[in-house]
Amino acid sequence: MSLLSNLAETLIGSEIVRLGNAINDRKAKGEKIYNYTIGDFDPSIFPIPQLFEDEIVKAYREHRTNYPPADGILPLRNAVSALVKRREGLEYKSDEVLISSGGRPLIYALFKTIVDKGDKVIYTVPSWNNNHYAHMNDGEHCVVEVTPENNFMPTAADLAPHIKDATLICLCSPQNPTGTTLDKAELEQICDMILVENAGRAAGAKKLYLMYDQMYWTLTYGDTVHYNPVSLRPEMKAYTIFVDGISKALAATGVRVGWAMGPTQVIAKMKALLSHIGAWAPMAEQYATAQFLSNEAAFDGFLEGFKLQLEERLNFIYREFIRLKEKGYPVDIIAPQAAIYLTLKIDLKGWHFNGHPLQTQSEVSEFLLNEAHLAIVPFSCFGADASSPWYRVSVGTCKFEDLTEMFGELEDALSRLQQPHLQS
C-alpha cells in the first residue's frame, strides 16, 4: 500500500468518538449501558427550543436554501453582536463576527490563519482537541499540565515560563472536559502577560494571540461567574479570538451554527480560508438563529429552564460520589461549576477483582463498563497521561430517572472489589 500525506499517516481520529461508537455497538447488541461519554445532547431529553425549531422550519418553507455569504448573513452577525453586548458587555461590529457550521471549522481556520510550521502553540492538558489542531498545522506543541488543586484550570504561573516567542495560547472556559472555569484574577494576569509580551515584540513581528473558546459560557451554576479577557482587559481585543455558538447554549449540537469574534484582519483571513472549504452554516439555520437570538424573552426563558435540568443532574451525581467517597471508596469529584460536565476520580489501580489486580487505568475503565455498565471518558482522551485516574462525565444524554439505578450498580460493583492490603 502506498503512503498518503504525512498528515494523513500521522493523524489520530477522535478518541471520544471512537469510544462512543464502541459503546453504541454494545448497546445495539442489547447491553444496558449508562453512556455518559459524548459531549452531546439526546434530543428526546433535551430538545432545542420549540420556537427555534419553528423558525428553522419556517426558513426552509421560505426556500432559504441557497449559499449564504462567506461570513454569514448580516442579520445573524448583528444578532450575535447584540447578544454578547447584552449579556457580556462586549462591543463587536458585524465585520468582526464570522459565522460557521459550529465551532470546529472556526478553530481550524484560526489555527491556519495564525500558526505557521514550527510556531509555538500553548495549551493545557486535559483539554479538548488542541493537540490535534496543533498537529494538523505542524505547530510546536507546548503542553502545560494542570492539576486538580486548581480545578484543572491553568494559572498565570503555569503559563508564564512558555509565553516568550509563542504564537497562540488556547484557553477554554468553561472548560471541556472539566466543567470548571477560569478564575478572574488568574485570567487578568494571563491577559497582562500577553499584553506585555506583545508590547515587547518588534514592529511588524507576529503577535501572540489568544483563542478563547467560550462555547459553554451560558451554562454556569450557583455562584460561578464566567469571565472573558476583553471585558477584563479591553486592550486584549486586538489579540483575542472568541469561539462561540449555539451548540451548547441551545442544545443544538446538530444544527451547526457557530461564530468567531476577533480583530478584523484575523476574521477576514479566516473568512477567506473558510470560503474555500465551504464550512458555512446552512442559510435556513442562520435565519432561524438570527430570529431566535433576537428574541430576548425566548432565549432567556429557554436558558433558565435548560440550566435547571442540567444542574439537577450534575448536583445529583456530585452528591452521590461524595457519599461513595465518605463510605471509603477511592473516588473523588469536583463540585459542579459550569457546562455539562463533571470531573471525577476513580482510583482503583491495585484493587482486586475476582482475585486479579486492576493494574492499569484502562483496566479500571473496562471494569466500570463491564461490571457497573458505566461509560465515562478518561482524561487520557484529552491529552493527559494514560495513568491518570480522572474522568469526564457528561450529562447531555442522562435521564434523571436512570441515576439512582446507575449508582446502585456502581456501588455494587465497587463492593465486590478487594483492597490491596486485604490480599494474602
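Everything numeric here is computed off the predicted structure, so don't read it as measured data.
- Side-chain atoms of Arg26 and Asn35 form no donor-acceptor pair, as typed in the model, at a separation below 3.5 Å.
- A donor and an acceptor atom, one from each side chain of Tyr227 and Gln214, are nowhere located under 3.5 Å apart.
- Ring planes of His141 and His135: tilted class, angle from 30 to 60°.
- Rounding to the nearest 0.5 angstrom, the gap separating the CZ atom in Arg313 from the OG atom in Ser394 is 11.0 Å.
- Note on ring orientation: taking the six-membered ring where Trp is involved, the planes of Phe52 and Phe292 are tilted (angle from 30° to 60°).
- Within the 4.5 Å cutoff, the side chain of Leu358 has heavy atoms near those of the Leu417 side chain.
- Within 6.0 Å of the NZ atom in Lys307, the count of heavy atoms belonging to other residues, nucleotides or ligands exceeds 12.
- Here Glu91 pairs with Lys85 in a salt bridge; the nearest charged N to carboxylate O distance falls below 4.0 Å.
- No donor-acceptor pair closer than 3.5 Å links the side chain of Lys117 to the backbone N or O of Asp138.
- The two residues Leu293 and Val80 make their nearest non-hydrogen contact at CD1-CG2, 4.2 Å.
- Two residues are said to be in side-chain contact when any heavy atoms from C-beta on lie closer than 4.5 Å; Ile169 and Ile163 meet this criterion.
- Figure legend: cation-pi geometry between Lys248 and Phe306 absent, as NZ or CZ is not positioned both under 6.0 Å from the six-membered ring centre and within 45° of its axis.
- For Tyr341 and Tyr216, the ring centers sit closer than 6.0 Å to each other.
- Within 6.0 Å of the CD atom in Glu405, the count of heavy atoms belonging to other residues, nucleotides or ligands exceeds 12.
- Note on ring orientation: taking the six-membered ring where Trp is involved, the planes of Tyr36 and Tyr34 are tilted (angle from 30° to 60°).
- By the 4.5 Å heavy-atom criterion applied to side chains, Leu344 and Ile376 are counted as neighbours.
- Note that CD of Glu197 and OH of Tyr239 are 10.5 Å apart. Values are rounded to the nearest 0.5 Å.
- Of the possible polar contacts, none joining the Thr240 side chain to the Val230 backbone as a donor-acceptor pair under 3.5 Å is found.
- Without hydrogens or angle criteria, Asp158 side chain to Thr155 main chain gives a donor-acceptor distance under 3.5 Å.
- Not counting sequence neighbours, Glu186 has no partner by the salt bridge (Lys or Arg N to Asp or Glu O under 4.0 Å) test.
- Ring geometry for Trp390 versus Phe152: interplanar angle over 60°, hence perpendicular rather than tilted (30 to 60°).
- Side-chain atoms of Asp42 come within 3.5 Å of backbone atoms of Ser44 as a donor-acceptor pair (strictly under, hydrogens ignored).
- Thr264 and Asp95 share no donor-acceptor pair across their side chains, judged by distance under 3.5 Å alone.
- Between Asp165 and Lys120, the shortest heavy-atom contact is O-CB, 4.2 Å.
- In this structure, Arg392 contributes its side chain and Thr37 its backbone to a donor-acceptor pair below 3.5 Å.
- The pair Lys29-Asp25 does not count as a salt bridge, with every side-chain nitrogen at least 4.0 angstrom from each carboxylate oxygen.
- Annotation for Lys32: atom NZ counts as buried by contact number, over 12 foreign heavy atoms lying within 6.0 Å.
- Residues Phe299 and Leu83 have side chains in contact (heavy-atom distance under 4.5 Å, counting atoms from C-beta outward).
- At a threshold of 4.5 Å between non-hydrogen side-chain atoms, the residues Pro174 and Leu219 do not count as touching.
- When side chains are defined from C-beta on, Leu110 does not count as touching Tyr133, because their heavy atoms never get closer than 4.5 Å.
- Looking at Asp213 and Cys170, their side chains never come closer than 4.5 Å, going by heavy atoms from C-beta outward.
- Around NZ of Lys325, the count of heavy atoms belonging to other residues, nucleotides or ligands within 6.0 Å does not exceed 12.
- With Ser380 contributing its side chain and Ala386 its backbone, the two residues share no donor-acceptor pair below 3.5 Å.
- Arg233 has a carboxylate O that lies under 4.0 Å from a charged side-chain N of Asp192, or vice versa, which qualifies the two as a salt bridge.
- In terms of modelled atom types and a separation under 3.5 Å, the side chain of Lys237 and the main chain of Tyr92 share no donor-acceptor contact.
- A donor-acceptor distance shorter than 3.5 angstrom exists from the side chain of Ser127 to the backbone of Thr124, with no hydrogens or angles considered.
- Inspection of the Gln337 and Thr181 side chains reveals an N or O donor paired with an N or O acceptor under 3.5 Å.
- By the 4.5 Å heavy-atom criterion applied to side chains, Pro177 and Thr343 are not counted as neighbours.
- Under the 3.5 Å distance criterion, the side-chain polar atoms of Glu188 are left unmatched by any main-chain donor or acceptor of Asp183.
- Smallest separation of non-hydrogen atoms from Arg256 and Gly103: NH2-N, 4.2 Å.
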